[in-house]
Amino acid sequence: MSAPHSTSLNATRRAAELDALAGGEVVDLLVIGGGVTGAGIALDAAARGLSVALVEARDLAFGTSRWSSKLVHGGLRYLAKGEVRLAHESAVERGILMTRTAPHLSRALPQLFPLHEQISRGGAAFVMTGLRAGDALRRAARTPSSLLPGPRRVSGPEALALAPGLRARGLRGGLLSFDGQLTDDARLVVALARTAAGYGARILTRLRVTTATGDGVEAHDLVADRTVSLRARGVVNAAGVWAGSLVDSVRLRPSLGSHVVVDGAALGIGGTALTVPVPGERSRFVIVLPQRNGLVYIGLTDEPFDGDVPDEPVAPAADVAFLLGVAWSVLSRSVTAADVLGSYAGLRPLLEGTGRSADLSRKHAVLRAPNGVLTVVGGKLTTYRKMAQDAVDAAGLTDRPSLTRNLPLTGAATRAELSTVDAPPRLVASYGTEAPRVAALATVDEDLAETVAGEITAAEVVWAVRHECALDADDVLHRRTRIGLVPAHADAARARVAALVARTLTGLAPAT
Ligand SMILES: Cc1cc2nc3c(=O)[nH]c(=O)nc-3n(C[C@H](O)[C@H](O)[C@H](O)COP(=O)(O)OP(=O)(O)OC[C@H]3O[C@@H](n4cnc5c(N)ncnc54)[C@H](O)[C@@H]3O)c2cc1C
């Protein structure tokens with residue numbers, strides 16, 4: 001099943017498609033929100049043959065979907081809370097994403113639970129039992145152990161070989177397990193939106209919905225500074241933590257999660273993640289997550305958030321200090337504020353319930369408001385596909401079943417095929433089978449081979465504008481690439497990226 005339309009998204013296509021819809025064309029389904037949930041819904045619906053428009057107030061992955069831990073979870077933590085169905089769903093969706101829909105954007109991440117003196121033998125046995133249960137979920141989901149090997153105990157020297165920065169004193173070994181990790185969460189969203197565009201979905205960023213009803217929306221076009229009315233047979237609100245501002249009856253209880261960004265080499269963190277128990281607590285952990293570019297994200301907090309939902313949440317200083325302190329408890333050198341290259345925070349769109357926010361269920365729900373608008377909330381990045389399938393089923397616009405379980409995203413291929421793609425592995429991990437086309441830009445124009453930050457080249461900036469719907473420098477710095485996670489890197493790259501974006505926008509073919 002190949003996509004009949006182009007998967008390239010850019011300013012020219014946006015302008016032409018928005019004009020057609022503002023001119024009165026009625027689509028089957030209008031999706032509000034360009035996070036992982038909305039982009040997943042647009043793809044599910046478009047692949048079933050529905051005409052679809054997705055409207056996003058700012059940019060693809062502007063909201064929570066770029067602030068995650070970038071893990072494709074196997075559901076272990078839900079199992080620990082007795083939520084067996086949720087745990088199984090998570091493991092199944094992890095397997096689908098890693099083996100079929102997005103192998104290019106995901107990899108197996110080794111995770112080490114270090115066994116220092118404060119972990120008793122009983123405590124270690126308890127954790128190992130949990131890891132084995134997680135592996136049973138993997139088997140039940142039919143994800144091969146060649147992709148995600150089962151857990152095993154490693155010796156002290158082996159633990160140190162995996163994570164040289166670990167404190168050697170008191171280290172008697174570790175528990176090694178594997179879970180899924182994304183190259184980047186925002187890139188998953190962009191791949192979803194582009195795949196949906198390949199099935200004809202209109203992806204319209206910079207379009208803020210002000211009013212939503214069951215048969216359309218009023219929206220403000222931030223590019224042309226005008227109000228547009230878009231009509232549809234069905235409307236789905238996938239505005240994440242902002243969903244309640246569009247549909248009064250939706251009650252959310254946002255929870256704030258923070259991460260700190262540090263340099264892996266400075267702390268002796270290689271390619272293995274660390275799961276660090278929070279001292280004095282039984283089932284609470286901090287995770288130290290190495291990225292392919294040498295940065296390490298240390299997360300994760302989970303605190304109730306009250307008040308107005310900000311556009312871009314900020315990691316509180318207390319969260320940063322807490323995360324550094326817990327990470328330090330297992331490392332040989334202290335981690336201080338001087339090590340912090342950046343930090344980020346996101347708000348989980350959790351359904352209102354009772355109890356601590358860390359205990360609120362990550363189940364998703366599809367709710368129909370009296371005016372006919374469907375809202376999809378809760379859930380998590382890993383289960384976006386199932387959320388999307390449930391939302392399109394609930395919209396009741398087609399009898400065709402969902403096809404996304406076996407639908408590779410733009411750039412996807414089997415791992416064997418990806419290993420033969422003729423491009424640097426870093427590019428393959430971001431662009432999959434399209435990596436040679438990105439690399440080729442630099443052979444046509446050698447200026448584009450220059451880097452703008454770290455290993456990111458000018459060619460990637462041009463690609464983002466031509467094919468990935470980047471409309472300005474911020475889209476490139478903060479969402480198509482993640483240069484912006486280290487503010488000093490973004491500051492240094494901004495002028496060059498802005499000039500490249502302006503030049504590329506000028507060179508796009510005019511709308512016809
Ligand atoms: C700190 C943290 C770590 C996490 N880690 C993981 C993880 O490792 N793995 C995992 O599976 N899950 C994780 N999650 C959960 C996951 O990130 C979220 O469940 C998911 O990203 C929510 O996506 P969404 O599309 O529903 O919301 P969002 O990504 O917030 O998308 C909503 C979109 O709607 C747009 N919007 C809002 N109002 C309007 C309007 N009026 N008009 C048009 N558009 C509008 C916003 O701009 C936004 O882009 C984490 C969450 C947090 C907070």
Side-chain angles (χ1 to χ4, degrees), residues 30-42 53-75 77-78 89-90 93-94 97 106 109 179-182 184-186 188-189 192-193 204-212 217-222 230 235-247 252 254-260 273 287 289 297 299-303 305 309 311-313 315 319 323 343-351 357 362-365 375-388 391 479:
L30 190 144
V31 185
I32 306 169
V36 73
T37 309
I41 295 168
L54 179 151
V55 295
E56 158 56 48
R58 305 288 287 269
D59 181 27
L60 295 171
F62 184 84
T64 305
S65 296
R66 67 177 151 138
W67 302 130
S68 80
S69 304
K70 292 112 179 66
L71 292 174
V72 200
H73 289 294
R77 73 165 102 142
Y78 313 115
E89 178 178 275
S90 202
E93 293 301 325
R94 176 184 65 178
L97 189 145
S106 59
L109 178 69
D179 208 345
Q181 184 187 38
L182 291 167
D184 184 52
D185 43 11
L188 174 67
V189 177
L192 282 164
L204 305 169
T205 58
R206 307 288 200 278
L207 203 59
R208 178 182 295 284
V209 172
T210 47
T211 328
V217 300
E218 299 283 310
H220 181 220
D221 172 4
L222 276 70
L230 307 181
V235 173
V236 181
N237 170 16
V241 80
W242 296 274
S245 67
L246 292 169
V247 176
L252 297 179
S255 128
L256 185 86
S258 306
H259 290 82
V260 178
I287 38 180
L289 296 163
Y297 307 154
L300 175 67
T301 55
D302 193 338
E303 297 297 331
F305 181 88
V309 175
D311 273 1
E312 297 190 326
D319 284 16
L323 293 168
S343 60
Y344 66 86
L347 290 167
R348 297 177 186 83
L350 301 182
L351 281 166
S357 78
R362 265 54 173 172
K363 278 189 197 120
H364 64 269
T375 296
V376 189
V377 277
K380 57 194 177 296
L381 201 115
T382 306
T383 53
Y384 81 83
R385 195 205 62 79
K386 182 67 169 55
M387 292 171 73
R479 291 167 290 271

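FYI, the numbering just counts along the sequence from 1. Start at 1 and go down the list; that is how both ligands and their atoms are numbered.
- When non-hydrogen atoms are compared, ligand 1 lies under 4.0 Å from neither the backbone nor the side chain of Arg66.
- By the 3.5 Å distance cut-off applied to N or O atoms, Ser69 is counted among the residues near ligand 1.
- Scanning all protein heavy atoms for the shortest distance to atom 27 (O) of ligand 1 gives Gly240 CA, 3.6 Å.
- Of all protein heavy atoms, the one closest to atom 29 (O) of ligand 1 is Ser65 OG, 2.5 Å.
- Applying the 4.0 Å criterion to heavy atoms of Trp67 picks out, from ligand 1, the atoms 1 (C), 2 (C), 3 (C).
- A salt bridge does not link Lys380 with Glu89: every distance from a Lys NZ or Arg NE/NH1/NH2 to an Asp or Glu carboxylate oxygen is 4.0 Å or more.
- The protein atom (non-hydrogen) at minimum distance from atom 16 (C) of ligand 1 is Leu381 N, 3.6 Å.
- Of the inter-residue distances, the one linking Phe62 atom CZ with Arg206 atom CZ reads 9.0 Å to the nearest 0.5 angstrom.
- The nearest non-hydrogen atom to atom 33 (C) of ligand 1, considering only Glu56, His220, Met387, Arg206, comes from Glu56.
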His364 vs Thr37, test: side chain to side chain contact (heavy atoms under 4.5 Å, CB included). Steps then yes/no. CA-CA 11 Å; His364 64 269; Thr37 309; over 6 Å; no
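- If you look at Tyr384 next to ligand 1, there are no close heavy atoms at all, none under 4.0 Å.
- Closest heavy-atom approach to atom 4 (C) of ligand 1 within the set Ser68, Gly63, Gly35: this belongs to Ser68.
- Contact annotation: for Val55 versus ligand 1, heavy atoms closer than 4.0 Å belong to the backbone alone.
- With respect to atom 51 (C) of ligand 1, the closest heavy atom belonging to the protein is Arg348 CG, 3.7 Å.
- The two atoms that bring Arg94 and His73 nearest to each other are CB-O, 3.7 Å, heavy atoms only.
- The closest approach between any non-hydrogen atom of Thr301 and ligand 1 is not below 4.0 Å.
- Of all atoms in ligand 1, listed by their number and element, those nearer than 4.0 Å to a heavy atom of Gly257 are 1 (C).
- Among all non-hydrogen protein atoms, the one lying nearest atom 36 (N) of ligand 1 is Ala239 CB, 4.0 Å.
- Of the heavy atoms in Asp185, none comes closer than 4.0 Å to ligand 1.
- Under a 4.0 Å criterion applied to the non-hydrogen atoms of Trp242, ligand 1 contributes the atoms 30 (O), 37 (C), 38 (N), 46 (C), 48 (C).
- A donor-acceptor distance shorter than 3.5 angstrom exists from the side chain of Ser65 to the backbone of Val36, with no hydrogens or angles considered.
- The distance from atom OG1 of Thr205 to atom CZ of Arg58, rounded to the nearest 0.5 Å, is 11.0 Å.
- For a threshold of 3.5 Å applied to N or O pairs, the pair formed by Arg208 and ligand 1 contains no separation below that value.
- The single protein non-hydrogen atom nearest to atom 40 (C) of ligand 1 is Val209 N, 3.8 Å, given as residue, atom name and distance.
- Considering only non-hydrogen protein atoms, atom 44 (N) of ligand 1 sits nearest to Ala57 N, 3.0 Å.
- Every N/O-N/O distance between Gly346 and ligand 1 stays at or above 3.5 Å.
- In terms of polar-atom proximity, Val241 is not counted as a contact of ligand 1, lacking any N or O under 3.5 Å from an N or O of the ligand.
- Residue Gly38 has no nitrogen or oxygen atom sitting less than 3.5 Å from a nitrogen or oxygen atom of ligand 1, judged on distance alone.
- Leu192 approaches Tyr384 most closely through the heavy-atom pair CD2-CE1, 3.5 Å.
- We find that Asp185 and Lys70 are joined by a salt bridge, their nearest charged nitrogen and carboxylate oxygen being less than 4.0 Å apart.
- Of all atoms in ligand 1, numbered sequentially from 1 with element shown, those under 4.0 Å from a heavy atom of Leu347 are 53 (C).
- Between Tyr344 and His259, the ring planes are parallel. Angles under 30° get that label, and only those over 60° would be called perpendicular.
- Only the backbone of Ala238 comes within contact range of ligand 1, with a heavy atom under 4.0 Å; no side-chain atom does.
- The single protein non-hydrogen atom nearest to atom 30 (O) of ligand 1 is Thr64 N, 2.9 Å, given as residue, atom name and distance.
- At distances below 3.5 Å, not a single donor-acceptor pair connects side-chain atoms of Thr383 with backbone N or O atoms of Ser90.
- Near Lys70, the atoms of ligand 1 lying under 4.0 angstrom from a non-hydrogen atom of the residue are 8 (O).
- Here CG of Leu381 is found 11.5 Å from CD of Glu93. Values are rounded to the nearest 0.5 Å.
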Given Leu188 and Leu97, is the side chain to side chain contact (heavy atoms under 4.5 Å, CB included) satisfied, shown in steps? CA-CA 10 Å; Leu188 174 67; Leu97 189 145; 4.2 Å; yes
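- When only modelled atom types and interatomic distance are considered, Asp302 and Ser255 share a side-chain donor-acceptor pair under 3.5 Å.
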Yes or no on side chain to side chain contact (heavy atoms under 4.5 Å, CB included) for Thr301 and Leu256, after CA distance, side-chain angles and deciding distance? CA-CA 7 Å; Thr301 55; Leu256 185 86; 5.6 Å; no
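- Across all their heavy atoms, Ser258 and Asp319 have their closest contact at OG-OD2, 2.7 Å.
- Heavy-atom proximity to atom 11 (O) of ligand 1, evaluated over Leu207, Thr382, Leu300, is greatest for Thr382.
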Derivation and outcome, side chain to side chain contact (heavy atoms under 4.5 Å, CB included), residues Leu109 and Leu71: CA-CA 9 Å; Leu109 178 69; Leu71 292 174; 3.8 Å; yes
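- The shortest N or O to N or O distance between Thr37 and ligand 1 is below 3.5 Å.
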